[in-house]
S.K.: 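Have a look at the structure that comes next, please.
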Amino acid sequence: METLLDTLGLAQSMELLSLSPPGWGGNLLRGLVNSLQIAFGAFGLGLVIGLFGAYGKLYGGVVIRDLLGIYTTVIRAVPELVLILILYYVGTDLINQASEAMGYGRVEISGVVAGIWVLGVVQGAYSTEVLRGAIQAVPKGQIEAARAYGMPAFLVMRRVTIPAMMSFAVPGLANLWLIATKDTALLAIVGFSELTLETKQAAASTRAYFTFFLAAGALYLVVTLLSGVVFGRIEKWARRGQPSLRAGQSR
Amino acid sequence: MTLRALFQPHRIVMMVLFAIFVIWCAMSLRWDWIPQYAPLALEGLWRTIWILIVTCILGFLLAIPLGLAQAIGPWYLAAPARVFCTVIRGTPLLLQIWLLYYGLGSLFPQIPWIRGSDLWPYLRQAWPYAVLALTLSYAGYEGEVMRGAFSSVNKGQLEAANSFGMPRFTMFRRIWLPQAIRNVLPTLGGETILQLKATPLVATITVVEIYAVSSRVRSDMLIVYEPLLLLALFYLIIAGVITLLFRKFENRVPTR
Amino acid sequence: MKLKNIVKATVTAAVLGAGAASAEEVKVGIAAEPYPPFASVDSAGNWNGWEVDVINAVCEAAELDCVITPVAWDGIIPSLTGGTIDVIMASMSITDERKKTIDFSDPYYDTPTVIAADKNSDIEPTAESLKGKIIGVQASTVHQAYVNAHFSDAGEIRVYQTQDEANQDLVAGRIDATQADSIALADFVSTPGGACCEIKGSVPDDKAILGLGVGAGVRKGDDALREKLNAGIQKILDDGTHAEITSNYFKTSIYKK
C-alpha cells in the first residue's frame, strides 16, 4: 500500500512537473507549444487546400473533380500514421531533388515545416469535404444575385460565399481542429519533439510514467475544452443576423 | 458507377497513367522481399482484422450504456459517462495506449501478487492492452453518437408503449434500441474506418499487426517507399470492403 | 494563371523558409529516443552523454560546424539519404547490410553484445537457454537481426521502438530477457529502476551481423565529409580526448583496435 501511495504521491509528482529544471514541466509546455504551432499551421494549410478543393469539386472540370475525388478517398481511408511516413519521406525527397535540379544543393527541412506539410495535406482532404458541404448549403439565390450585379468570381467568393457558408462550416471545422491537435501526437513516432514525445522522454528519464502521461493528457484536454469555448463563440459570431438553425429546420 | 461512366475519355487517360505508374513501381522499385515476408504479412493482416472486429463489437456494446446514461440516466450515471467520453475524445489515442501499457507496466513490479495470479500470462502479452485501449476509444466516440441516437427516438412511441403497460426493459429492447441503432447505422461505417485507421498505433506497444510487419521490412531491407505503398494499398482495400459491407447491411435494414 | 502564381509563390516561400540555415552546417543525427549513457536529454532539453561529448570533440577536431539533430531511430537512415541530416552518430554498428545503403567512417567505439535478465532466472546467452523465452530487442538494430538469426527458437521476439521500453518491460516481467550493447545494459542494471536484473553474459560473436564496431554514417559518395570525420576521430584518439571523455563515464576503455 505504501508503494502504491508513493507512485501516486502528489508531492513527488509536483516536483517532477515543476516548470524549471530539474522539473520537466517546462519541457511539456515547450512540447505543447510545438504541438499547437504544428496544429495551427496544418489546420491553416488544410483550410487553404480545402477551399481550393471544395471549389474544384463543385465547379472544376471533370479531370479536377476526379483527381480531387481520389485525393479525398485515399487520404480518408489510409491511416494517418502511414500517410505521415509516406508524405514525410516523399516531401523531403521531392524538395531535395527539386532544389538539386535548380542547383541549390540539399536543403534541410525543419521539423515544424515538415509536420505542417504532412498534417496539412491530411487535413486538406477533410476540409475539402466540410467546405464543399458548407458551400452547397448556401442558398443559390444569394450567389446568383451577386453574379447578376456583375461581381467578379473572386469577389463573390470573398464577399458572399465565404461569409454565408461560415455558419455551416464552423462545427465541422471545429472538429477538424481537434483532430489536428490530436494528430500532432503521431509525429512523436517520426521523432518530432512535440508534447507526446517530450512526455515520453520525461517519463523514460524519471520512470514516472503515470505522472507524465496523465499530465500530458490533462494538457491536451485543456486545449480541447478551450477550443470548444472558442469555436462556440466563433459559431455564434458566424451566425449573427441569421435565424437560429432550429427555426430554419422546422420551416 | 456504370461501365459507361468509367470509360469517359479523361478517365481512360487517367487509368493509363495510373497503369504506367504501377508498372514503373513494379520495375524500378525493389519487391524481391515479398516472398520472404509474405507469411508474416498475412499473419499481421489477420491480426489487424481481428483487432478491428473485436474492438468494434466490444466498443459498441460499451457505447450503448454510455449513450443511454447520458441520454436519460440520473446525474450520477450521466456525469461519469459524459466525463469518460470527453476525456477519450479530448486526448490522443497514442497517449491513451502508452498510458495503459507502460503506465500499468510500471506498476507491476510494485505489486508482486499480480505475477503469481492466473491472469499474468495474459497481462504479459501486449494485445490485451491494445484491445482495451481501442475498445475504450471506440466506446468513447460511439457513446457520444449513441446519446444523440437515443435522444432522437420519437418520444410518442415510448409513451404509447408505456401506456400499453409494456415493461421498461422490453420497451428498451423492442422499441428504443432498434430505432437508436437504425439511427446510427449510417455513421457506423465511417466510425469503423476511423477505427481501422487507429489500429497501426498498437504497433508501438509491440503488437505485430500489418503496420509492424511493414516497419520490420523497412528496417531489415533499408527501403522506404515499397512497404509503405503496399501497406497503403492494403488499408485502401480493407476500407473499401468495410464500406461495401456496411452498404449491403444498410440496404437490408428496412427504413420508413 | 493567377492561381498558378499564388501556388508557385507559396511553394517557393516554403522551400526558402525551410532552407534558412547556412550550407556550412553539418547536421549530426542522433536518435530522438534517449539511449543512456551514450545520449540522453535532460529536463532543460540539452542532450548529453558519452556519444554527445564525442560528437562535439570529433567536430571540433575536424573543424566542422556541427548541429545535433534528433530524429526517430526507426527512420534515421532514410533521414540521412533524404537530406534531413548529414551524419549519423547514434551508436550505429558498421554492418555489411547497412553498407549497401550508406558509407561509414572508421569505428569510434566497440563493445560486446550482452543479454540481461532477472537476477533470479537461470537464463544464459545461448540459444538453448533462451528456447521458449520472450526476448525483447530494439527495432532496426543489429540486435534484432542477431536474435532473429540465432535465437529463432525463442518463444517470442518482441520488438520495441526504444531500448528503454524493452528495459521497462523487463522490469515489469513482460519479457524474460533483452539483448543490447553491454554498456547500455550495464548502465541500466546499475540504476535503482533496473535493480531487478543483471547481465547474464555476452552472446557468441557473429561479426557479419553484429558488425565491426560503431561508426559515423554518411551518405554514399560523401567522401569529403567521411575523410574529415575519420581525421577527427583519429585526432581525438591520438591526443587523448577520446580516453578522457571515456574516463568521465566508464571505468575501462570502450575502444579496441
Side-chain angles (χ1 to χ4, degrees), chain A residues 2-4 6-8 35 61-67 70 73-74 76-83 85-90 93 175 178-179 181-189 195-196 199-200 203-204 207-214 216-225 227-228, chain B residues 8-11 13-15 18 48 83 86-107 109-112 190 193-194 196-201 203-204 210-211 214-215 218 224-225 227-240 242-243:
Chain A
E2 210 175 334
T3 48
L4 194 69
D6 258 357
T7 359
L8 301 175
S35 287
V62 273
V63 179
I64 289 188
R65 254 186 290 174
D66 278 1
L67 285 178
I70 294 172
T73 312
V74 169
R76 291 190 303 166
V78 178
E80 279 79 4
L81 186 55
V82 179
L83 289 173
L85 286 172
I86 294 179
L87 289 173
Y88 181 65
Y89 293 126
V90 169
D93 260 14
N175 209 10
L178 291 183
I179 292 176
T181 55
K182 282 184 287 176
D183 274 358
T184 56
L186 300 179
L187 296 174
I189 295 175
L195 179 50
T196 302
T199 306
K200 205 176 177 201
R207 310 260 152 232
Y209 284 83
F210 259 116
T211 310
F212 284 109
F213 284 144
L214 288 179
L219 284 178
Y220 278 112
L221 207 56
V222 167
V223 171
T224 308
L225 295 177
S227 310
Chain B
Q8 287 169 13
H10 75 277
R11 288 206 167 123
V13 172
M14 276 160 71
M15 276 188 279
F18 184 72
T48 296
V83 169
T86 311
V87 168
I88 292 287
R89 285 152 33 99
T91 54
L93 177 59
L94 187 61
L95 198 69
Q96 296 165 15
I97 292 176
W98 286 353
L99 176 70
L100 275 177
Y101 187 77
Y102 292 110
L104 284 181
S106 70
L107 283 187
Q110 295 165 27
I111 312 170
I193 289 179
L194 286 183
L196 167 72
K197 292 168 62 174
T199 53
L201 294 184
T204 60
I210 185 73
Y211 173 80
S214 88
S215 301
R218 279 198 300 138
V224 182
Y225 294 115
L228 284 175
L229 288 176
L230 202 59
L231 186 66
L233 189 67
F234 272 139
Y235 281 113
L236 269 175
I237 292 171
I238 302 175
I242 293 174
T243 315

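Keep in mind that what you see is a predicted model, and the values were worked out from it rather than measured. Throughout, a chain's letter reflects where its sequence line sits, starting with A, and its residues are numbered from 1.
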S.K.: Do you know which of D66(A), L81(A), V63(A) has the most heavy-atom pairs with chain B at a distance under 4.5 angstrom?
M.R.: D66(A)
S.K.: Checking heavy atoms, do the side chain of L228(B), its backbone, both or neither come under 4.5 Å from chain A?
M.R.: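 Contact with chain A is through both the backbone and side chain of L228(B).
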S.K.: Nearest 0.5 Å, what's the CD1-CE distance between I70(A) and M14(B)?
M.R.: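 Rounded to the nearest 0.5 Å, the CD1-CE separation comes out at 4.0 Å.
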S.K.: Could you tell me the separation between the OG1 atom of T91(B) and the CG atom of L219(A), rounded to the nearest 0.5 Å?
M.R.: 11.5 Å
S.K.: Does any heavy atom of chain B fall under 4.5 Å from the side chain of V222(A), the backbone, both, or neither of them?
M.R.: neither
S.K.: Checking V224(B) against chain A: side chain, backbone, both or neither under 4.5 Å from a heavy atom?
M.R.: side chain
S.K.: Do you know the tightest heavy-atom contact between V78(A) and Y235(B)?
M.R.: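 Reported closest heavy-atom pair: CA-CB, 4.4 Å.
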S.K.: Taking every non-hydrogen pair under 4.5 Å, which of T184(A), D183(A), V90(A) racks up the most with chain B?
M.R.: V90(A)
S.K.: When heavy-atom pairs shorter than 4.5 Å are enumerated against chain A, which of A232(B), A239(B), A198(B) gives the highest number?
M.R.: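 Result: the option with the highest number of such pairs is A232(B).
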S.K.: For T86(B) and T224(A), run side-chain contact (heavy atoms from CB on, under 4.5 Å): C-alpha distance rounded to whole Å, both residues' side-chain angles, the deciding distance at 0.1 Å, then the answer.
M.R.: CA-CA 9 Å; T86(B) 311; T224(A) 308; 5.9 Å; no
S.K.: Please flag which part of I238(B) lies under 4.5 Å from any non-hydrogen atom of chain A: side chain, backbone, both or neither.
M.R.: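 Contact with chain A: none, neither part.
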S.K.: Side chain, backbone, both or neither: which part of L195(A) has a non-hydrogen atom closer than 4.5 Å to chain B?
M.R.: neither
S.K.: Non-hydrogen atoms of chain B under 4.5 Å away: do they reach the side chain of I179(A), the backbone, both or neither?
M.R.: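 I179(A) has no heavy atom closer than 4.5 Å to chain B.
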S.K.: Using atom types as modelled and distance alone, determine if a side-chain donor or acceptor of K182(A) lies under 3.5 Å from a backbone N or O of R89(B).
M.R.: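 Looks like yes, one N/O pair under 3.5 Å.
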S.K.: Looking only at atom types and distance, does a side-chain atom of Y102(B) sit under 3.5 Å from a main-chain N or O of A204(A), one as donor and one as acceptor?
M.R.: no
S.K.: Starting at CG of L95(B), measure out to NZ of K200(A) and round the result to the nearest 0.5 Å.
M.R.: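 That separation rounds to 11.0 Å.
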S.K.: For a quick test of reading the model, state the closest non-hydrogen atom pair linking L236(B) to T73(A) and the distance between them.
M.R.: CD2-O, 4.5 Å
S.K.: Using non-hydrogen atoms and a 4.5 Å limit, figure out which bit of L85(A) sits close to chain B: side chain, backbone, both or neither.
M.R.: both
S.K.: May I ask you to name which of H10(B), K197(B), R218(B) has the most heavy-atom pairs under 4.5 Å with chain A?
M.R.: K197(B)
S.K.: One pair to check against side-chain contact (heavy atoms from CB on, under 4.5 Å): W98(B) and T196(A). What are the steps and the verdict?
M.R.: CA-CA 10 Å; W98(B) 286 353; T196(A) 302; 3.5 Å; yes
S.K.: L94(B) and I189(A): side-chain contact (heavy atoms from CB on, under 4.5 Å), yes or no, with the steps?
M.R.: CA-CA 10 Å; L94(B) 187 61; I189(A) 295 175; 4.2 Å; yes
S.K.: Give me the atom names and distance for the closest heavy-atom approach of F210(A) to G103(B).
M.R.: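 Closest approach of F210(A) to G103(B): CE1-O, 3.3 Å.
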S.K.: At what distance, to the nearest 0.5 angstrom, does CZ of F213(A) lie from CG of L100(B)?
M.R.: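 Answer rounded to 0.5 Å: 10.5 Å.
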